[in-house]
A.B. asks: 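Dumping the structure here so I can ask a few things about it.
Just so it is clear: chains get the letters A, B, ... in the order the sequence lines come, proteins before strands, and each one is counted from 1.
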2 protein chains.
Amino acid sequence: MAEAAKTSGCKEDYELCDHFINAFQIIGKKWNGLIISSLCDTHYMRFKELAKCISACSDRVLVARLRELEDEGIVKREVDQETGIISYGLTPKGADLKPVFDQVHTWADKWV
Amino acid sequence: MAEAAKTSGCKEDYELCDHFINAFQIIGKKWNGLIISSLCDTHYMRFKELAKCISACSDRVLVARLRELEDEGIVKREVDQETGIISYGLTPKGADLKPVFDQVHTWADKWV
DNA sequence: TTTTATTACTTGTATTTAGTAAGTAAATAA
DNA sequence: TTATTTACTTACTAAATACAAGTAATAAAA
């Protein structure tokens, strides 16, 4: 089998793609999936609304995650100049994750 | 806006679906995405191969994750009766996550 | 106008989870 | 016989997260 593996590119040689690994470092980080999918569904939300929606996540971590996702260019934080109200939404990069969540939903409905 | 929110089901009332939350508790847990997608691509792997492939994950955690995924019915651990060789693969429930990973790949190729 | 509440955070501490490194029993190869 | 590989386990350290309380700024209620 060692010979076969060497010549046929079997599982011994399998490598995950870097893009994919990096993507999962973001999507797979605790709470990020729920944060992004919530913003995907609602278009935008204030901090309190998001926190209520992902209630098991502490404020402390939610703040940190939102910052990180902003730095990744997935979330955008906006301040209304008139009211001063802060809202969180997705950038095109973030919104483009919707098909991922749709597939998760499909899977979840079938198996969870 | 409070009135409007109450009557129109706007973001204040938004709730994530339980199935979806549970699904993300599994898929979103550190390393699980990479573990499952590796097994998705290769069909089955021995522990050492998997560990090499997800090299940033410690053996200790990989062992724990595989057990958890087995308990979730996503991963199956098989022992060859003849050789005693242990291999890890996916159950139908696990294999059914492929479309999710495909979408992550599509997104990663575009944005990461 | 003083009090109360809300928002979007921050800070300190406890607990949980993960990383590092070394070890082990069983099987296989040299 | 000795060395190596495999699939783990164990002890310890470091990092991430949870819990709880606090805060400055603004808004709403008494």
A.B. asks: In degrees rounded to 10°, what angle is found between the helical axes fit to the five outermost pairs at each end of the helix from dT1(C)-dA30(D) to dA30(C)-dT1(D)?
C.D. replies: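 About 10°, once rounded to a multiple of 10°.
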
A.B. asks: Mind checking what makes ring pair (Phe, Tyr, Trp, His ring centres under 6.0 Å) contact with Phe20(B), not counting sequence neighbours?
C.D. replies: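 Expected list: His105(A), Phe24(B).
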
A.B. asks: Output all residues satisfying side-chain hydrogen bond (donor to acceptor under 3.5 Å, both in side chains) with Asp59(B), sequence neighbours left out; order by chain, then residue number.
C.D. replies: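 Here no residue qualifies.
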
A.B. asks: What's the NZ-P distance between Lys52(B) and dT5(D), to the nearest Å?
C.D. replies: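 These atoms are roughly 13 Å apart.
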
A.B. asks: Suppose we screen for side-chain hydrogen bond (donor to acceptor under 3.5 Å, both in side chains). Which residues come up paired with Trp111(B), at least two apart in sequence or across chains?
C.D. replies: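 Residues passing side-chain hydrogen bond (donor to acceptor under 3.5 Å, both in side chains) with Trp111(B): Asp96(A).
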
A.B. asks: Residues in salt bridge (charged side-chain N to carboxylate O under 4.0 Å, His left out) with Asp41(B), at least two apart?
C.D. replies: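 Asp41(B) satisfies salt bridge (charged side-chain N to carboxylate O under 4.0 Å, His left out) with no other residue.
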
A.B. asks: Are there any protein N/O atoms within less than 3.5 Å of an N/O atom in nucleotides 24-27 of chain C, and if so, which ones and at what distance?
C.D. replies:
none

A.B. asks: Holding to side-chain hydrogen bond (donor to acceptor under 3.5 Å, both in side chains), I want the full list of residues that pass it with His19(A), two or more places apart in sequence or in another chain.
C.D. replies: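 In terms of side-chain hydrogen bond (donor to acceptor under 3.5 Å, both in side chains), with neighbours along the sequence ignored, His19(A) is linked to Asp109(B).
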
A.B. asks: Give the B/S/- string for nucleotides 4-18 of chain C, one per nucleotide from 5' to 3', where a protein heavy atom under 4.0 Å of the base yields B, of only the sugar-phosphate yields S, and otherwise -.
C.D. replies: ---SSBBBBB----B

A.B. asks: Whole Å only: how far is the CG atom of Leu50(B) from the P atom of dC8(D)?
C.D. replies: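 Between P of dC8(D) and CG of Leu50(B): 11 Å.
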
A.B. asks: Counting distance only, does the side-chain N/O of Gln103(A) pair as donor-acceptor with the main-chain N or O of Val100(A) below 3.5 Å?
C.D. replies: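 No, the answer is negative, given that no donor and acceptor are paired below the 3.5 Å cut-off.
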
A.B. asks: Restricting to side-chain hydrogen bond (donor to acceptor under 3.5 Å, both in side chains), what partner residues turn up for Lys98(A), sequence neighbours left out?
C.D. replies: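 side-chain hydrogen bond (donor to acceptor under 3.5 Å, both in side chains) list for Lys98(A), sorted by chain: Asp102(A).
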
A.B. asks: Give every donor-acceptor pair under 3.5 Å between a side-chain atom in residues 30-39 of chain A and any protein atom, sequence neighbours left out.
C.D. replies:
residue: Asn32(A); atom: ND2; partner: Ile26(A); partner atom: O; Å: 2.9
residue: Ser37(A); atom: OG; partner: Gly33(A); partner atom: O; Å: 3.2
residue: Ser37(A); atom: OG; partner: Leu34(A); partner atom: O; Å: 3.4
residue: Ser38(A); atom: OG; partner: Leu34(A); partner atom: O; Å: 2.7

A.B. asks: According to salt bridge (charged side-chain N to carboxylate O under 4.0 Å, His left out), who are the partners of Lys29(A), at least two apart in sequence or on a separate chain?
C.D. replies: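 Per chain and number, Lys29(A) pairs via salt bridge (charged side-chain N to carboxylate O under 4.0 Å, His left out) with Glu68(A).
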
A.B. asks: Please output the side-chain donor-acceptor pairs of residues 78-92 of chain A that fall under 3.5 Å, not counting sequence neighbours, one pair per line with the distance.
C.D. replies:
residue: Asp80(A); atom: OD1; partner: Glu82(A); partner atom: N; Å: 2.8
residue: Asp80(A); atom: OD1; partner: Thr83(A); partner atom: N; Å: 3.0
residue: Asp80(A); atom: OD1; partner: Thr83(A); partner atom: OG1; Å: 3.4
residue: Thr83(A); atom: OG1; partner: Ile85(A); partner atom: N; Å: 3.2
residue: Tyr88(A); atom: OH; partner: Arg77(A); partner atom: NE; Å: 3.4
residue: Thr91(A); atom: OG1; partner: Gly73(A); partner atom: O; Å: 2.5
residue: Thr91(A); atom: OG1; partner: Ile74(A); partner atom: O; Å: 3.1
residue: Thr91(A); atom: OG1; partner: Lys93(A); partner atom: N; Å: 3.3
residue: Thr91(A); atom: OG1; partner: Gly94(A); partner atom: N; Å: 3.2

